[in-house]
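Below, read A as the first sequence line, B as the second, and so on, with proteins coming before strands; counting in each chain starts at 1.
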Amino acid sequence: MNSRKAAAVIAVPLLGALSLTACTGPGTTEEAGGPVSIDQDWSQAEPLTIDVFDGLANYMGTQSGWFGKVVKDKFNLELNVIAPNVAGGGDTLYNTRVAGGDLGDLVVVDKGEKLDELVEGGLVLDASPYVDSMTNLAPFDAALDHLNEGKDGVYGFPTAVSSISPTESSEGLEPTFGPYLRWDLYAEAGYPEIGTLEDLLPVLADMQEAHPEADNGQKAYAVSLFKDWDGNMMVMGKQPTTLYGYDEIGFVLAKADGSDYQSIVDPDSEYVRALRFYHEANQLGLVDPESTTQNYDTMFSKYQNGQVLLSWWPWLGQSAYNTDENMADGKGFELVPMADQQIFSYGAEVYGGKQVLAIGAGAEDPARLAAFIDWLYSPEGVTMNGSQTGASAGPQDLTWEVGENGEPALTEFGEQVFLGGGADVPAEWGGGAYTDGVSTLNVQTVLPKDVDPSTGFPYNYTFWPSYQDKVANPLTEDWSERMGGAASTMEYLQANDQLLVAPGSSFTAPADTSEIETIRSQVKASIVEHSWKMVFAKDDAEFDALLASMKETAEGLGYQTVLDFDMANAEAQNDAREAVANEFG
Amino acid sequence: MSLTQGTPAATGAPAATQAAATPLPVAGRGTPSRRPGGRRRGGRPSSARSSKTMFLLVAPFLVLVFLFSYLPLAGWATAFYDYKPALGLAGSEFVGLQWFEMLVSSPVQLQQIGQVLTNTLAMSFLGFATSLLPVFFAMLLNEIRAPWFRNAVQTLTTLPNFISWVLVYLIAFSLFSSTGLVNSVLGDWGLITAPLKFLDTDQHVWLTMLLWSLWKGLGWGAIMYLAAITSIDPALYESARIDGANRFQLMRYITFPQLMPTYVVLLVLSIANMLNNGMEQYYVFQNAFNKEYIQVLDLYVYNIGITGNSLSMATALGMLKSLISVLLLVAANAVAKRARGTSII
């Protein structure tokens with residue numbers, strides 16, 4: 001071997017390695033040509049499996065069951081869902097896939113910073129050639145234009161679009177937040193009056209004392225916490241603030257009507273008030289000691305078993321515990337009348353929600369993907385897709401049908417599915433349990449409260465008169481009687497002026513500069529850490545010391561810079577809300 | 001690393017010249033196409049050839065070292081950019097020393113890094129302080145006469161090394177959580193009214209972490225010493241026994257001193273790894289309550305880079321780690337120079 005060969009032996013692997021490191025650049029976008037029609041029978045197209053990177057999905061793998069079959073029959077597509085929520089580790093999966101230059105063929109991400117980055121990095125496709133022939137999307141053109149404003153093409157498709165007034169609540173019969181107690185135990189305690197948040201404590205103490213154990217023999221606690229969703233603050237600490245009309249934007253709690261902005265580390269803030277509430281609850285022995293270590297799933301199963309008595313969300317307490325059987329026995333979670341509550345409610349978003357759909361730059365058959373996305377906006381797509389908890393009615397003629405009177409109603413099978421605890425799907429629809437076949441995309445293209453043009457009734461079946469007649473039970477009857485005959489929680493809150501709707505402006509906060517992002521990530525870790533310690537502090541003195549330490553540490557890490565940024569955003573958000581309320585309200 | 005490289009390189013040199021002086025065995029095999037007769041003719045070309053062959057033999061390893069130890073250093077560039085994965089390094093903005101300035105910008109930040117370094121060094125030193133335990137354990141194990149019992153003990157103590165930290169945490173959780181076995185039993189016996197907090201407390205974090213890593217690593221660490229014990233000359237024991245030494249005296253005056261060279265090599269190796277005390281263990285055990293004392297450097301970098309999504313800042317911190325490592329090395333070198341009169345570098 002001569003020296004030239006020797007040099008080659010060394011150089012070749014080196015060059016190989018260097019070229020490996022060089023090939024992580026972003027993919028390229030194709031030159032946008034003229035309009036392309038997507039109007040064809042895709043069921044005869046070549047079979048195709050697409051990667052769906054879905055920031056909302058709670059399931060990872062191939063979409064199976066009836067929804068999988070519908071997509072396969074219509075588009076000959078198989079959806080391989082990639083879910084960062086399941087993979088865990090925050091943005092790790094997103095970052096690695098993005099750095100690799102291919103996020104997925106179909107992408108569900110947050111608008112704003114993430115979408116902008118993907119557009120700039122050339123990871124999502126300009127879908128403008130297809131838009132003209134996307135007929136189902138056409139009614140939502142305003143939202144589409146608004147979303148892609150300032151971009152050189154159409155990159156994102158809006159979600160949860162709505163034609164309802166933005167000053168009207170986007171929620172269904174229940175608000176997103178609220179003080180939900182085990183109504184049966186509350187009744188047993190003699191329906192005590194609750195003036196304010198802190199008044200819940202003695203009531204909860206009575207309830208827990210009367211029922212220290214759940215039906216399964218395990219200990220029951222008034223409050224059970226979890227940490228999985230902690231972000232800028234302890235997520236369970238934020239929830240009670242929504243009862244007074246506040247929602248978070250960074251480190252700021254902003255009131256829905258724009259009348260107040262609070263810094264969360266301020267000792268007088270609603271956030272600290274909530275932490276104090278938990279702290280006192282813990283002193284009274286009302287907090288589940290497993291709170292510090294359990295995750296959402298464990299906590300959810302405790303709700304299912306009746307081991308927890310308070311829920312800040314209907315979609316936690318009610319969806320876990322209010323089964324047909326329990327409600328027939330008069331047991332279940334219902335909103336209690338807290339005298340000074342002003343519950344935060346999200347207004348309908350004319351311009352769409354926080355997430356967007358996009359087609360990946362490397363997608364093999366973008367026209368087919370555009371057709372699939374377009375279908376998701378059709379009445380058929382909206383009823384079939386939709387999230388697991390979004391009260392989507394499912395396929396027409398399977399779970400529901402339009403009756404002789406022209407009103408939609410659940411079929412017997414649908415009743416079994418939604419009220420009877422589930423059922424198996426007939427073979428011609430793909431077989432398997434109904435719930436296993438529900439769309440795992442977990443994204444709503446159109447707000448479920450919106451009216452389905454094909455029936456004239458909302459997509460959400462819980463609004464249908466036929467459904468409401470059916471679901472009366474001892475629990476709801478007792479609740480309704482105590483609440484002045486209100487037919488639903490929403491009706492009660494609206495009648496008593498206890499709902500504060502934040503107009504749906506579709507405002508997205510501008511991206512954090514990396515300096516702010518870095519400070520934020522350190523500050524929030526410290527705030528969350530301190531919050532947990534405060535809840536479980538051994539006495540008030542320790543609580544106060546930790547509070548002081550939280551403020552001090554946060555400020556030492558540069559809290560003020562981030563707070564100023566968030567305050568400006570909160571005010572901009574309010575301006576956007578006022579603007580949209582003036583225009584559409 | 002460099003601490004150990006000194007000796008093989010020094011002893012390796014005469015071996016190499018020896019090979020050059022008697023060219024046949026090594027060089028001949030390296031070039032099978034040549035007729036062996038041709039090599040005997042002159043000493044000079046064969047010496048050059050043999051050193052070239054030696055170089056070629058080493059070359060693949062040099063390439064590997066370059067690929068895995070030096071090429072990744074290119075990633076340090078990330079620390080000078082505002083790195084965004086979607087845009088790549090080329091598309092991200094160059095920010096110079098911004099991240100380094102941020103690391104030292106405020107007293108609280110410095111204090112946090114100080115705490116992290118304290119945790120890292122404290123846990124490493126606790127590791128050194130207990131590094132004799134595997135030696136004693138191996139010595140005691142060696143004294144067990146019944147083979148079945150010795151094997152059973154060795155298997156049982158080695159096994160934890162193969163359990164991942166995630167599973168270790170599951171075990172810890174089922175035993176020591178507020179509703180775990182220990183608390184339930186103590187509660188049932190009426191010894192406690194409120195559950196004891198073993199996992200979610202900032203008390204004795206270093207100690208509990210040490211105990212877990214000892215539980216996991218003790219048996220495994222003893223294997224090396226057990227092997228070293230088998231190579232001790234039996235004649236030593238025999239003569240000691242003739243002199244009337246009992247078993248403890250044998251352990252004290254023969255086994256222990258004979259194990260010391262092995263121990264010192266392993267200790268020096270672990271000193272070089274002082275800042276690398278890993279993160280898996282601390283990652284699975286961390287929670288809001290013990291985070292202050294459990295965050296070691298590796299975990300801190302992970303928490304900032306991956307959890308906090310500040311990849312550039314994490315890179316800057318990673319560079320800081322290298323800097324401290326170099327400082328430690330220089331310090332160790334100075335100590336060695338003073339103690340033994342020879343320098344490592």
Side-chain angles (χ1 to χ4, degrees), chain A residues 1 3 6 9-10 13-14 17-18 21 24-26 89-92 94-101 103 114 117-118 120-123 219 227 230 234 285 288-293 513-515 517-522 524-526 528-533 536 552-558, chain B residues 30-31 52-53 55-56 59-60 62-64 66-68 71-72 74-75 81-93 95 98-99 102 105-112 173 177-179 183 194-195 197 199-202 287-289 291-292 303-304 306-313:
Chain A
M1 215 187 277
S3 58
V9 166
I10 301 171
L14 284 191
L18 286 171
T21 58
T24 53
D91 276 338
T92 316
Y94 172 82
N95 283 341
T96 41
R97 290 187 72 87
V98 156
L103 188 54
K114 278 202 175 144
E117 246 177 56
L118 292 177
E120 206 180 323
L123 276 109
K219 273 191 172 177
K227 61 181 170 158
D230 287 351
M234 182 180 163
D288 178 2
E290 275 187 52
S291 293
T292 50
T293 42
T513 64
S514 17
E515 190 195 352
E517 190 180 353
T518 304
I519 301 177
R520 187 193 295 286
S521 74
Q522 287 183 283
K524 73 185 188 189
S526 170
V528 167
E529 192 186 321
H530 277 94
S531 303
W532 277 97
K533 284 185 179 173
F536 291 92
E552 198 185 330
T553 316
E555 277 164 7
L557 288 170
Chain B
T31 51
K52 196 185 273 174
T53 316
F55 173 73
L56 284 181
L62 289 181
V63 170
L64 285 179
F66 179 79
L67 281 183
F68 292 105
L71 200 61
Y81 284 85
D82 177 2
Y83 178 64
K84 296 207 162 68
L87 307 182
L89 206 54
S92 303
E93 189 194 347
V95 294
Q98 183 192 319
W99 302 116
M102 251 173 109
S105 61
S106 75
V108 174
Q109 184 87 54
L110 283 175
Q111 190 205 328
Q112 269 198 358
F173 187 78
S177 73
S178 339
T179 49
N183 271 318
K197 291 186 178 295
L199 297 174
D200 36 7
T201 170
D202 55 1
N287 56 46
F289 300 90
K291 203 167 170 188
E292 190 178 349
N303 280 341
I304 286 198
I306 305 294
T307 315
N309 207 15
S310 308
L311 299 169
S312 297
M313 174 106 153

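Salt bridge status for R520(A) with E515(A): absent, with no side-chain N to carboxylate O gap under 4.0 Å.
Residues passing the ring-ring contact (aromatic ring centres under 6.0 Å, His included) test with Y81(B) are F94(B), sequence neighbours excluded.
In this structure, no portion of L103(A) lies under 4.5 Å from any heavy atom of chain B. Looking at N183(B), neither its backbone nor its side chain comes within 4.5 Å of chain A, counting heavy atoms on both sides. For Q522(A), the part lying near chain B is the side chain, with the backbone staying farther off; criterion is any non-hydrogen pair under 4.5 Å. Neither the backbone nor the side chain of E93(B) comes within less than 4.5 Å of any heavy atom in chain A. With a 4.5 Å cut-off on non-hydrogen atoms, Q98(B) touches chain A through its side chain but not through its backbone.
The closest side-chain heavy-atom distance from E120(A) to K84(B) is not below 4.5 Å. Using a 4.5 Å cut-off on side-chain heavy atoms (C-beta onward), W532(A) and D200(B) make no contact. Proximity of F536(A) to S291(A): side-chain heavy atoms (C-beta onward) are separated by under 4.5 Å at one or more points.
For the pair K533(A) and F289(B), the cation does not sit on the ring face, since its NZ or CZ is not both under 6.0 Å from the ring centre and inside 45° of the axis.
Interface check for chain A: of the options A74(B), S178(B), S105(B), P107(B), the most heavy-atom pairs under 4.5 Å are formed by S178(B). By number of non-hydrogen pairs under 4.5 angstrom with chain A, the leading residue of I304(B), T179(B), L311(B), N287(B) is T179(B). Of the residues considered (P289(A), S531(A), S514(A)), S514(A) shows the highest number of contacts with chain B, using heavy-atom pairs under 4.5 Å.
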